[in-house]
Number of protein chains: 2
Amino acid sequence: MAANILLVEDEPAIQELIAANLGRAGHHVVRAGDAETAQRIVRDALPDLVLLDWMLPGMSGIELARRLRADERTRGIPIIMLTARGEEQDKVAGLEMGADDYITKPFSPRELVARIKAVLRRRAPQATEDPVQLGGLSLDPATHRVNAGERPVVLGPTEFRLLHFLMTHPERVHSRAQLLDQVWGDHVFVEERTVDVHVRRLRAALEPVGQDGLIQTVRGSGYRLSALPAVAGV
Amino acid sequence: MAANILLVEDEPAIQELIAANLGRAGHHVVRAGDAETAQRIVRDALPDLVLLDWMLPGMSGIELARRLRADERTRGIPIIMLTARGEEQDKVAGLEMGADDYITKPFSPRELVARIKAVLRRRAPQATEDPVQLGGLSLDPATHRVNAGERPVVLGPTEFRLLHFLMTHPERVHSRAQLLDQVWGDHVFVEERTVDVHVRRLRAALEPVGQDGLIQTVRGSGYRLSALPAVAGV
DNA sequence: CAGGAAATTGACGATTTTGTGACAGGTCAC
DNA sequence: GTGACCTGTCACAAAATCGTCAATTTCCTG
């Protein structure tokens, strides 16, 4: 399982050590010495995973993580943070901020590789970038547009991702927790009812273009997108 | 988000400490002092999550994790392992064994709770969600739909679960007590007569699609779902 | 065929779940 | 700055479902 990994670490010795080990494990490593550089690289290269030292000169690792999570395009990239012993406060903050895992220095190469493997493995299979068409709706991730026939549908970022996920996994019922995992990310701590609100906003956006009834409520379970009617009439 | 958590830890003081903290966070905690006991409890109670100390007398935590992963029924239960600093070998083995996360002692209550929340959230959807087909009926847990031929059947959540159970255990008579255990859960306290009412509602939903007679009453014993006619002799 | 236990049925208040509108922060482009 | 979005949470309204009861009906026993 080779992966493109961005290593953000200001201390050259440690940087070298880690890079060498990851290289030996078959990963391709790109390095950055500060958060600003790292941010640029992430945007340009979209690595599979970011190894992020929490203590950095200038912009902190926490701040960088926050920014990566805030950006639509980089939100899905797993982050493993590197912390020094005793920075426990940061661990909690980091996990809540959206880090997928953390490792306390000093750590062994084997451990690091195992962690990376675990994080990569459990990352949800990414939705494709291919346009999706279903019922009277068409959605194109590349252009970020949704159309109902000829008429365009305007959606906020979250609603777009929600609809995208539902359209790529139609018919199946998704619990609110699953939707939070898949659409918001498994590291975000948000109330389950928030899903309801976004479903409502999505419905509100779809209704004027004649696509109401597409998103169905399955009481006690969650929501489902289906071209079939929820119940047969009469 | 309350959960049933099995805590496997041999040291009473730590056990007590953790249990107290989890209880305060709203979780229900069951404790085990060794792996053998833990294994039995998991099979009986199917907890939502297992907190597993890696170092145990007798069967090791690793071995227990392996067994839980090997068993179909317990495979999906998330495991968070507790390790002492320096048991680095175990960490690697544990992650490769399928532990969902691990925490290094000593850890803060906040961290533990945050981890548990994260793991519970990303728990994969149930694996045994295969569609069931029987007689003229088909039921699909994934889409939460029931069809009699082409015609859909509308059911409430409880009726759906009841039908699902009956369809996966057909031709067998289930007492009201058994149905309460299996469909409602063995912890709820409801009148046995309630089963009758739901059976009636289920029958009422099935009758208009020509599936009456599917659920049969066995006087004095309970109910049975059968594709065969209720009585042979006229 | 009568007596009585067991099961069906219709009704209903209570509870749980979902839909909605409003709102306080936060972000981003000007 | 500032003004137009977005977002996540509430509180409350609306709706669906649940469990129970009591009245009836069904079915076995003797």
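Values below: all heavy atoms of this structure, side chains included; hydrogens, waters and symmetry mates excluded. Everything numeric here is computed off the predicted structure, so don't read it as measured data.
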Checklist entry - Taking atom P of C:dG19 as reference, at what distance in whole Å does atom CD of A:Gln216 sit? => result 12 Å
Checklist entry - Where the side chain of B:Arg219 is concerned, which of D:dG8, D:dC27, D:dA15 is the nearest nucleotide? => result D:dC27
Item to check | pair B:His164-B:Val132: side-chain heavy atoms closer than 4.5 Å | outcome: yes
Checklist entry - C:dA7 phosphate, OP1 or OP2: any side-chain N/O from B:Thr217 under 4.0 angstrom? => result no
Checklist entry - Whole-Å distance between C:dA14 P and B:Glu191 CD? => result 18 Å
Next on the checklist: Does atom CD (B:Glu150) have a neighbourhood of more than 12 heavy atoms from anything else shown, all under 6.0 Å?
Outcome noted: no
Item to check | Nearest to side-chain heavy atoms of A:Tyr223, which nucleotide of C:dG19, D:dC21, D:dG8 | outcome: C:dG19
Next on the checklist: Need the bend value for the helix from C:dC1-D:dG30 to C:dC30-D:dG1: angle between end axes, 5 pairs each end, nearest 10°.
Outcome noted: 30°
Checklist entry - Is any side-chain N or O of A:Arg203 closer than 4.0 Å to OP1 or OP2 of C:dG19? => result yes
Checklist entry - A:Glu9 versus A:Leu82: any side-chain heavy-atom pair under 4.5 Å? => result yes
Checklist entry - Separation of A:His144 atom NE2 from D:dC5 atom C1', in whole Å? => result 15 Å
Item to check | Whole-Å gap separating P (D:dA16) and CD (B:Glu159) | outcome: 14 Å
Item to check | Aromatic ring pairing B:His144/B:Phe160, orientation class (parallel under 30°, perpendicular over 60°, tilted between) | outcome: parallel
Checklist entry - When the distance from CZ of A:Arg201 to C1' of C:dG21 is rounded to whole Å, what number comes out? => result 10 Å
Checklist entry - Taking 4.0 angstrom as the limit, do A:Arg176 and A:Asp196 come out as a salt bridge? => result yes
Checklist entry - Tell me: CG of A:Leu202 to P of C:dT18, nearest whole Å? => result 17 Å
Next on the checklist: Output the rounded distance in Å from CG (B:Asp196) to P (C:dT8).
Outcome noted: 6 Å
Item to check | Side-chain N or O of A:Arg176 closer than 4.0 Å to phosphate OP1/OP2 of C:dT17 | outcome: no
Checklist entry - Is there a side-chain polar atom (N or O) of B:Thr158 under 4.0 Å from OP1 or OP2 of D:dC18? => result yes
Checklist entry - Within the structure, does a side-chain N or O atom of A:Trp184 lie under 4.0 Å from either OP1 or OP2 of D:dT7? => result no
Checklist entry - Is there a donor-acceptor contact under 3.5 Å from the side chain of B:Asn4 to the main chain of B:Asp48? => result no
Item to check | Polar side chain donor-acceptor pair, A:Ser226 to B:Arg145, under 3.5 angstrom | outcome: yes
Checklist entry - Which part of the nucleic acid does B:Val199 contact within heavy-atom distance under 4.0 Å: base, sugar-phosphate only, or nothing? => result nothing
Checklist entry - To the nearest angstrom, how far is A:Leu180 atom CG from D:dT7 atom P? => result 14 Å
Checklist entry - Is there a donor-acceptor pair under 3.5 Å between the side chain of B:Thr194 and the backbone N or O of B:Val190? => result no
Next on the checklist: So, does B:Arg193 get its side chain near the phosphate of C:dA7, meaning an N or O under 4.0 Å from OP1 or OP2?
Outcome noted: yes
Checklist entry - Does C:dT18 have OP1 or OP2 sitting under 4.0 Å from an N or O in the side chain of A:Arg200? => result no
